[in-house]
J.: 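Take this structure, written in structure tokens, and hold onto it; I'll ask about it next.
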Amino acid sequence: MRTTLTLDDDVAIRLERMRKERDAGLKEIVNEVLRKGLAQIDAPQQREPFRTRVFDPGGFVDPSKSIKEILREMDEEHDRKKLGLPRVSG
């Protein structure tokens, strides 16, 4: 396919540098760069693996308690720490 393509100056400079380094034609370099770029766009994106943060409740959590009770106790403990109050055993 024959087409006219207007390149930004920075792109033209990089392509010309590549052409000289490889002693190749502009057509060859442009096609190579486009193929690599298109393959990269089509490739699935690499994602950072999801990591779950671990929360240390600061001691034993009684599994017989409801989640609601445990969360209430954690909130109270958090508030005590913010206020600088001593820990209450329960």
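Atom set for the values below is all heavy atoms of this structure, side chains included, hydrogens, waters and symmetry mates excluded.
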J.: Please determine whether side chain to side chain contact (heavy atoms under 4.5 Å, CB included) holds for the pair M74 and I70, giving the CA-CA distance in whole Å, both sets of side-chain angles, and the decisive distance to 0.1 Å.
T.: CA-CA 6 Å; M74 288 169 54; I70 293 170; 3.8 Å; yes
J.: Only counting residues at least two apart or in another chain, list the ones meeting side chain to side chain contact (heavy atoms under 4.5 Å, CB included) with R19.
T.: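 With sequence neighbours excluded, R19 shows a side chain to side chain contact (heavy atoms under 4.5 Å, CB included) to E16, L26, I29, given in chain and number order.
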J.: Taking E21 first and then R17, would you say they form a salt bridge - that is, a charged N and a carboxylate O separated by under 4.0 Å?
T.: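 A salt bridge is absent here (no side-chain N lies under 4.0 Å from a carboxylate O).
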J.: Find the distance between NE2 (H78) and CD (E76) and round it off to the nearest 0.5 Å.
T.: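 Those atoms lie 12.5 Å apart.
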J.: Can you tell me how far the CZ atom of R72 sits from the OG atom of S66, to the nearest 0.5 Å?
T.: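 OG of S66 is found 8.5 Å from CZ of R72.
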J.: Is it the case that more than 12 heavy atoms not belonging to D9 sit under 6.0 Å from its CG atom?
T.: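 It does not: D9 CG has 12 such atoms or fewer within range.
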J.: Does V11 belong to the same Ile/Leu/Val/Met/Phe/Trp/Tyr cluster as L34, with side-chain heavy atoms less than 4.5 Å apart forming each link?
T.: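 Yes, V11 and L34 fall within the same hydrophobic cluster.
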J.: Rounded at 0.5 Å granularity, tell me how far CG in D42 sits from CD in Q40.
T.: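 Interatomic distance, D42 CG to Q40 CD, rounded to 0.5 Å: 10.5 Å.
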J.: Starting at CG of D23, measure out to CD of E28 and round the result to the nearest 0.5 Å.
T.: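 So the CG of D23 and the CD of E28 are separated by 9.5 Å.
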J.: Do E73 and K65 meet the salt-bridge criterion of a basic N to acidic O distance under 4.0 Å?
T.: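 E73 and K65: salt-bridged.
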J.: Can you tell me how far CG of L71 sits from NZ of K68, rounded to the nearest 0.5 angstrom?
T.: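 The CG atom of L71 is 10.5 Å from NZ of K68, to the nearest 0.5 Å.
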